[in-house]
Amino acid sequence: MKKTKISSILTPPILTVLAVLFVIPILLVFINSFKSKFYIIGTPFELPDKETFVGLSNYIKGLSTSGFFEAFLRSVFITVGSVILIVICTSMTAWYITRVKTVFTKMLYYLFVFSMVVPFQMVMYTMTFTVTSLNLDNPVGIIFVYLGFGAGLSVFMLSGFVKSVPNEIEEAAMIDGCTPLQTFFRVVFPILKPTAITVAILNAMWIWNDYLLPYLILGTGQKTVPVAIQISMQGAYGSVDWGGFMAMLVLAIIPIIVFYLSSQKYIIKGVVAGAVKG
Amino acid sequence: MQKTLKKYLPIFVLPTGVAFAISFLIPFVMGLYLSFTKFTTVTNTEWVGFSNYIRAFTADDNFVNALKFTVKFTIVSIITINVFAFILALLLTKSMKGTNLFRTVFFMPNLIGGIVLGYIWNLLINGVLAYFSVDITYDAKYGFWGLVILMNWQLIGYMMVIYIAGLQNIPNDLKEAAAIDGATNRQTLFKITIPMVMPSVTICTFLTLTNSFKLFDQNLALTAGAPAKETQMLALDIFNTFYGRTGWQGVGQAKAVIFFILVALIAFIQLRLTGRREVET
């Protein structure tokens, strides 16, 4: 019994040390974002002192020159727009293909499931072609593209949930004179809400962090946050503004941390539920 | 109900269906076809049979090297991530104060995007290596272990949460019975706890497997393949074949098809394994 006692005394300090180690990388970026750009690379572990501390100037100067604020707003627009469109459209589709049993809906379901397995590299070149030839290569068009790519996982998760819901309530609503659209938005969608939240969280995190798709479709002219970060490091070797770069990283992380701390219960549950994607 | 609903197909299915066709279905079919052609644009193609597939392996060592690097990285990641995540889960399920706080902290890196993660670790690792007057691109082994550490940092919390759920599902009677029968802690761990969380082990193994195997953003941001493409993983090699060299798009597409087949194979094995486990338990 003595053994367990020792381990239970040691556990909290070990976990605390580990937790600190986990936070250090993020803290490091945060600290360096207040240092002058000449004192960051090579000496990131030194705390800012009188000589190296520059206050908020990295945030103000570094970010306004790199077009980061526009990128930030663009990322917010694309993420919010895509998530709303994905949640509404895919839940409608999921309900329809689960309730209407035809060869077509069955085939569609398997195609959605299949698309989850295919890595992005398989379709990236030809997708860029179809999207640009349809003039969808702009911040509004890309929302539609995200609907296509998000459809697989979202339809899969939502229709899994629809299957577990008995359809008596829906039928009662239809008999009482609701049209299918009314039935869906007044009866079905409220029931789907827990899964819809999970789907929204998974898609929001994916789209906010996504780099390759916006890079290929929008290019460097209409940067999103990840593209802006990657671009500012590319092709500018030697002349990289490390101060502004640190500020960018901080501003890219902050929304995620705020979002996470405000609804972490849903997020952890959602991410684990999304593990089926594999 | 089916009959009335059926007529609403255009409203319920069309938006998702069209988007799906444009961004996935049509490009997928085109991609399969293009892998057998030589092309510079999608509309200007010439049928060449399997020669792209042969060139992917023989024209240079890039693809084979990337494959080797990816496999090595994936194996090391799977082992380290799952061992650490499992130990953390064990520690956190021993009823203790502040468990939630630790869980929150360990899970957080999982939410940060690959590009940002890559540059955070680029800064940190280069900062450490600066004391030895080198940087991460000096030797491929720095890039390799840098990626392993990054991946551990990102995924440990995620896997830990799954293991915690698995551990909490073990009925207490089992452990109590073992204790009464005089089992040592070690025996309880290997004979009861680990066999009982095997379903979680399968899930986590495959999650780390696919995540490591398909890694792109982190690879690009941390080393971008440097030095001399030695730390280039499959996804990055495919990208560079497509966009780095003109006239190689066909080869890039062929590599992408091979990549797809490998990933699909992994997913298929996973489906079989998890399906069987569900029957067992």
Side-chain angles (χ1 to χ4, degrees), chain A residues 3-4 8 11-12 15 19 22-23 25 28-29 41-42 44-45 89-90 92-93 96-97 99-100 111 115 117-119 121-123 125-127 129-131 134 144-145 147-149 151 170-171 174 180-181 205 208-209 211-212 226 229-230 233 249 252-253 256 260 264 268 271-272 275 278, chain B residues 1-2 4-6 8 11-13 15-16 19-20 22-24 26-28 30-31 34 42 91 94 96 102 104-108 111-116 119-121 123-124 127 130 158 161-162 185 203 206-207 210 214 216-217 221 235 238 242 249 253 256-257 259-260 263-264 267 270:
Chain A
K3 220 175 170 185
T4 45
S8 62
T11 307
L15 282 173
F22 257 73
V23 179
L28 195 71
V29 174
I41 188 80
F45 302 113
C89 288
T90 60
M92 287 172 82
T93 308
Y96 185 93
I97 65 172
R99 291 291 186 241
V100 178
L111 280 176
S115 77
V117 182
V118 179
Q121 278 73 20
M122 173 68 204
V123 294
Y125 190 87
T126 40
M127 182 274 303
F129 169 77
T130 52
V131 167
L134 290 167
F144 193 64
V145 179
L147 171 62
F149 274 107
E170 298 155 23
E171 271 172 353
M174 299 267 252
L181 269 178
M205 274 166 20
W208 177 264
N209 290 325
Y211 162 73
L212 199 46
I229 289 170
Q230 174 64 15
M233 290 303 286
L249 290 183
I253 297 171
I256 300 170
Y260 175 55
Q264 59 155 307
I268 294 183
V271 171
V272 174
Chain B
M1 189 175 86
Q2 271 215 26
T4 18
L5 192 54
K6 234 176 184 172
Y8 280 74
I11 298 172
F12 280 90
V13 178
T16 316
F20 184 66
I22 290 170
S23 46
F24 175 76
I26 297 168
F28 181 81
M30 278 166 73
L34 287 177
V42 175
L91 292 177
K94 281 183 185 166
M96 196 186 77
F102 287 121
T104 306
V105 171
F106 292 137
F107 190 82
M108 193 169 52
L111 305 174
I112 300 171
I115 292 287
V116 177
Y119 284 115
I120 292 176
W121 281 93
L123 174 81
L124 209 157
Y158 184 3
V161 170
I162 297 176
N185 279 343
I203 295 172
F206 276 99
L207 272 177
T210 43
K214 294 198 285 189
F216 178 85
D217 291 3
I238 293 168
F242 264 122
Q249 288 92 334
Q253 190 61 56
V257 173
F259 187 51
F260 153 63
V263 172
Q270 173 187 24

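Fair warning: this is a prediction, and the values are worked out from it, not measured in the lab. Chain letters run A, B, ... following the sequence lines, proteins first, then strands; residues in each count from 1.
- Within the model, atoms CD1 of A:Ile253 and CG of B:Leu111 stand 11.5 Å from one another, a figure rounded to the nearest 0.5 Å.
- Distance check: A:Gln121 CD to B:Gln253 CD gives 10.5 Å after rounding to the nearest 0.5 Å.
- Judged by distance alone, the side chain of A:Tyr125 and the main-chain N or O of B:Val42 form no donor-acceptor pair under 3.5 Å.
- Heavy atoms closer than 4.5 Å to chain B are found in both the backbone and the side chain of A:Met122.
- By number of non-hydrogen pairs under 4.5 angstrom with chain A, the leading residue of B:Trp121, B:Phe216, B:Phe242, B:Tyr119 is B:Tyr119.
- Note: A:Met127 CE to B:Phe28 CZ = 14.5 Å, rounded to the nearest 0.5 Å.
- Using a 4.5 Å cut-off between heavy atoms, B:Ala267 contacts chain A through its side chain alone, with no backbone atom that close.
- Contacts with chain B were tallied for A:Cys89, A:Ala151, A:Ala19; A:Ala19 has the most, counting heavy-atom pairs under 4.5 Å.
- The candidate from B:Ile238, B:Ile26, B:Leu124 with the greatest count of non-hydrogen atom pairs under 4.5 Å with chain A is B:Leu124.
- Between chain A and the residues B:Ala19, B:Gly113, B:Gly31, the largest count of heavy-atom pairs under 4.5 Å involves B:Ala19.
- Using a 4.5 Å cut-off on side-chain heavy atoms (C-beta onward), A:Met92 and B:Thr16 make no contact.
- Interface remark: A:Gln264 contributes side-chain atoms only to the contact with chain B (heavy atom separation under 4.5 Å).
- Of the listed residues (B:Ala221, B:Ala264, B:Gly127, B:Ala130), the one with the most heavy-atom contacts under 4.5 Å to chain A is B:Gly127.
- For a residue to count as touching a neighbouring chain, one of its non-hydrogen atoms must lie under 4.5 Å from one of that chain's; by this rule B:Leu34 touches chain A with the side chain only.
- Chain A forms more heavy-atom pairs under 4.5 Å with one residue of B:Val105, B:Ile11, B:Val257, B:Leu123 than with any other, namely B:Leu123.
- With sequence neighbours left out, A:Phe144 forms a ring-ring contact (aromatic ring centres under 6.0 Å, His included) with no residue at all.
- Proximity to chain B (any heavy atom under 4.5 Å) is shown, for A:Leu181, by both the backbone and the side chain.
- Interface remark: A:Phe22 contributes backbone and side-chain atoms alike to the contact with chain B (heavy atom separation under 4.5 Å).
- Taking OH from A:Tyr260 and OG1 from B:Thr104, the interatomic distance works out to 4.5 Å, rounded to the nearest 0.5 Å.
- Listed by chain and number, the residues in a ring-ring contact (aromatic ring centres under 6.0 Å, His included) with B:Tyr8 amount to none (sequence neighbours excluded).
- The two residues B:Phe20 and A:Gly148 come nearest to each other via the heavy atoms CD1-O, 3.5 Å.
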Mind running side-chain contact (heavy atoms from CB on, under 4.5 Å) on B:Ile112 and A:Asn209 for me, showing each step along the way? CA-CA 7 Å; B:Ile112 300 171; A:Asn209 290 325; 5.7 Å; no
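- In this structure, CD1 in A:Ile268 is found 11.5 Å from CD1 in B:Ile162, a value given to the nearest 0.5 Å.
- Looking at A:Thr130, its side chain does come within 3.5 Å of a backbone N or O of B:Ile22 through a donor-acceptor pair.
- Nearest heavy-atom pair, B:Ile115 versus A:Tyr211, reported as atom, atom and distance to 0.1 Å: CG1-CB, 3.6 Å.
- A:Thr93 places a side-chain N or O within 3.5 Å of a backbone atom of B:Phe12 that can act as its donor or acceptor partner.
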Apply side-chain contact (heavy atoms from CB on, under 4.5 Å) to the pair A:Leu15 and B:Phe106, showing each step before the final yes or no. CA-CA 10 Å; A:Leu15 282 173; B:Phe106 292 137; 4.0 Å; yes
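- Although no hydrogens or angles enter the test, the distance criterion places no donor-acceptor pair under 3.5 Å between the side chain of A:Thr126 and the main chain of B:Met30.
- In terms of heavy atoms, A:Phe149 sits closest to B:Ser23 at CZ-O, 3.2 Å.
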